[in-house]
Trainee: 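Supplied in structure tokens, the structure appears directly below.
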There are 2 protein chains.
Amino acid sequence: MSIAKIEEFTQQEQDLAAFAKLMSHPARIAILKVLAAQNACICGEIVEVLPLAQSTVSQHLKELKNAGLINGTIDGPKSCYCINWIAFEKFMADFNALFLSLHIQKEKTCC
Amino acid sequence: MSIAKIEEFTQQEQDLAAFAKLMSHPARIAILKVLAAQNACICGEIVEVLPLAQSTVSQHLKELKNAGLINGTIDGPKSCYCINWIAFEKFMADFNALFLSLHIQKEKTCC
DNA sequence: TTGCTTTATCGTAAAAAAACGATTAATAAA
DNA sequence: TTTATTAATCGTTTTTTTACGATAAAGCAA
């Protein structure tokens, strides 16, 4: 039982894990692909493309929006979503930075 | 109820989601950091550093190993783990490729 | 051999995520 | 105004994940 055990995970570790969690479901990746492809904000069309119920898709959209990865605005009776590129780019940069910081130490393999 | 609904998610979407799921817990990110920092294969030292029980750490290691992201060999009574850089690099490359394929279409924002 | 260390596995409990149908709210169309 | 459409939310169930203690297996040290 070392002293280090008292420490929780770092903020960096938690932030990266939270971003990875967003990408950890095929539906959310598919949603991002649809949004990027349409370039415009889509709404119920996503439901048509995904093999999931409307309420489930809405739930996934909410998660992405809460995390700031997408923006959403109400457009009449429809809802309009698009990717928040600033946020997405930052997440990817942080993720790549982690990888590089690990990778830089690579010298030998032992198993 | 469109025809597309019958289709499941693509293999690419599932593979990327599976990798992201590996990174979706701070403990597993912390484990990778320890392995990279030590460069050599560690075993029970990971348990000392993480704020988790030995059995829980062992479980996380198993997940990482099953996915091929780390290698593990038995070294006497101890176990020896290290990062599978080939696999890790491929995962990161695929992940970046997804991002670029989305990003390339960025032109305007609508919301 | 006997005891100690190390780590994987088992069994289980608690928490979180995922999914759906039903309902509601809000707008647009008739 | 009445009806349609659209999408968020609610309530609930199922599944998955996370976590831990206890146990077992396997090797090392005495």
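Just so it is clear: chains get the letters A, B, ... in the order the sequence lines come, proteins before strands, and each one is counted from 1. As the structure is a prediction and not an experimental result, all values here were calculated from the model. These numbers come from the heavy atoms of this one structure, side chains and all, not from hydrogens, waters or symmetry mates.
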Trainee: Can you tell me the Watson-Crick or wobble partner of D:dT16, both distances under 3.5 angstrom?
Mentor: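 Partner of D:dT16: C:dA15.
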
Trainee: Would you mind calling D:dA4 syn or anti? Take O4'-C1'-N9-C4 for purines or O4'-C1'-N1-C2 for pyrimidines, and syn is within 90° of 0.
Mentor: syn

Trainee: Under the salt bridge (Lys or Arg N to Asp or Glu O under 4.0 Å) test, which residues partner B:Lys90, sequence neighbours left out?
Mentor: B:Asp94

Trainee: Give every pair of a protein N or O atom and an N or O atom of nucleotides 7-9 of chain C that lie under 3.5 Å apart, one pair per line with the distance.
Mentor:
from: C:dT7; atom 1: OP1; to: B:Gly44; atom 2: N; distance (Å): 3.2
from: C:dT7; atom 1: OP1; to: B:Ser79; atom 2: N; distance (Å): 3.2
from: C:dT7; atom 1: OP2; to: B:Gly44; atom 2: N; distance (Å): 3.0
from: C:dA8; atom 1: OP1; to: B:Ser79; atom 2: OG; distance (Å): 2.8
from: C:dA8; atom 1: OP1; to: B:Tyr81; atom 2: OH; distance (Å): 2.6
from: C:dA8; atom 1: OP2; to: B:Ser58; atom 2: OG; distance (Å): 2.6
from: C:dA8; atom 1: N7; to: B:Gln54; atom 2: NE2; distance (Å): 2.9
from: C:dA8; atom 1: N6; to: B:Gln54; atom 2: OE1; distance (Å): 3.2

Trainee: Specify the separation, in whole Å, of atom CG of A:Leu64 and atom C1' of C:dA18.
Mentor: 14 Å

Trainee: Please report the distance, rounded to the nearest Å, between CZ in A:Arg28 and C1' in C:dA18.
Mentor: 9 Å

Trainee: Could you tell me the boundaries of the chain B footprint on DNA chain D, defined by atoms under 4.0 Å from its heavy atoms?
Mentor: D:dT17 to D:dC28

Trainee: Which residues satisfy the side chain to side chain contact (heavy atoms under 4.5 Å, CB included) test with A:Ser79, sequence neighbours excluded?
Mentor: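 For A:Ser79 the side chain to side chain contact (heavy atoms under 4.5 Å, CB included) partners, ignoring immediate neighbours, are A:Ile74, A:Tyr81.
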
Trainee: Side chain to side chain contact (heavy atoms under 4.5 Å, CB included) with A:Thr56: which residues, sequence neighbours excluded?
Mentor: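 By the side chain to side chain contact (heavy atoms under 4.5 Å, CB included) rule, A:Thr56 matches A:Leu52, A:Ala53, A:His60.
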
Trainee: For a quick check of understanding: with a heavy-atom distance under 4.0 Å over all strands, which category does B:Lys65 fall into, base, sugar-phosphate or nothing?
Mentor: nothing

Trainee: Write down the partner of D:dA4 under the Watson-Crick or G-U wobble criteria, each distance required to be under 3.5 Å.
Mentor: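 Base-paired to nothing in any strand shown.
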
Trainee: List the residues meeting side-chain hydrogen bond (donor to acceptor under 3.5 Å, both in side chains) with B:Gln59, not counting sequence neighbours, and say none if there are none.
Mentor: none

Trainee: Sequence neighbours left out, what passes side chain to side chain contact (heavy atoms under 4.5 Å, CB included) with A:Asn96? Give chain and number order.
Mentor: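 Partners of A:Asn96 under the side chain to side chain contact (heavy atoms under 4.5 Å, CB included) test: A:Met92, B:Met92, B:Asn96.
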
Trainee: Would you list the atom pairs, donor with acceptor, under 3.5 Å between side chains in residues 14-22 of chain B and any protein atom, with sequence neighbours excluded?
Mentor:
from: B:Gln14; atom 1: NE2; to: B:Phe9; atom 2: O; distance (Å): 2.9
from: B:Asp15; atom 1: OD1; to: B:Gln11; atom 2: NE2; distance (Å): 3.0

Trainee: Who passes side chain to side chain contact (heavy atoms under 4.5 Å, CB included) against A:Glu45, sequence neighbours left out?
Mentor: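 A:Gln38, A:Ile42.
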
Trainee: Determine yes or no for a side-chain-to-main-chain donor-acceptor pair under 3.5 angstrom, with B:Asp75 supplying the side chain and B:Lys78 the backbone.
Mentor: no

